[in-house]
Amino acid sequence: RWVAAAAAVGVSVQVASSSGSTTDTAPMVVDDTAAPNLNQQTESENGSRVIETVREIIDARLSEYDTTLEQDKQVLNRPNNSIHLRNALIVRIGEKEILTDMKIALA
């Protein structure tokens, strides 16, 4: 689940499985081979830190755009947009909607 969230905001993730195989090298590492004696409080704290980190990544990614989602929608609704501008806006609106939905889901 966190792998999908990280991938959606442009963060590659290396997943280590109990078999030792890995996929995609990245700055963020998810390891499902962690020691089984971790207590639930530690796991909960780690989960909270992961959620907060993903929120920070989403906020950082959204702040990279020069316009808001609402502004993009207004421009998209203007008549006489070129096909290139229209397509760019559709992609950018989709990206922002995904990021915004993820942020809401993590709230």
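None of the values given here were measured: they were computed from a predicted structure.
- Expressed to the nearest 0.5 Å, how far CD of Glu70 lies from CD1 of Ile93 amounts to 10.0 Å.
- Here CG of Leu62 is found 4.5 Å from CG of Leu99. Values are rounded to the nearest 0.5 Å.
- Taking the side chain as every heavy atom from C-beta outward, Arg92 and Thr67 approach each other to under 4.5 Å.
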Would Lys73 and Glu97 count as a salt bridge (Lys or Arg N to Asp or Glu O under 4.0 Å) here? Give the steps.
CA-CA 11 Å; Lys73 287 180 178 181; Glu97 286 176 339; 3.4 Å; yes
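- Remark: Asp72 CG to Glu95 CD distance equals 10.0 Å, nearest 0.5 Å.
- At distances below 3.5 Å, at least one donor-acceptor pair connects side-chain atoms of Arg55 with backbone N or O atoms of Leu106.
- Between Ile51 and Ser48, the closest side-chain pair of non-hydrogen atoms is not below 4.5 Å.
- At a threshold of 4.5 Å between side-chain heavy atoms, the hydrophobic network of Ile, Leu, Val, Met, Phe, Trp and Tyr places Leu76 and Tyr65 in two separate groups.
- Put simply, CD on Gln74 and CG on Leu89 are 11.5 Å apart, with the number rounded to the nearest 0.5 Å.
- Annotation: the span from Thr53 atom OG1 to Ile58 atom CD1 amounts to 11.0 Å, rounded to 0.5 Å.
- Remark: side-chain polar atoms of Lys96 are not paired, donor with acceptor, to backbone N or O of Val91 under 3.5 angstrom.
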Do Arg49 and Asn46 pass the side chain to side chain donor-acceptor pair (under 3.5 Å) test, and can you show the C-alpha distance, the side-chain angles, and the key distance before you say yes or no?
CA-CA 5 Å; Arg49 281 186 262 154; Asn46 287 340; 2.7 Å; yes
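- Rounding to the nearest 0.5 angstrom, the gap separating the CZ atom in Arg86 from the CG atom in Asn81 is 8.0 Å.
- Counting heavy atoms of neighbouring residues, nucleotides and ligands inside a 6.0 Å radius, atom CG of Asn77 exceeds 12 of them.
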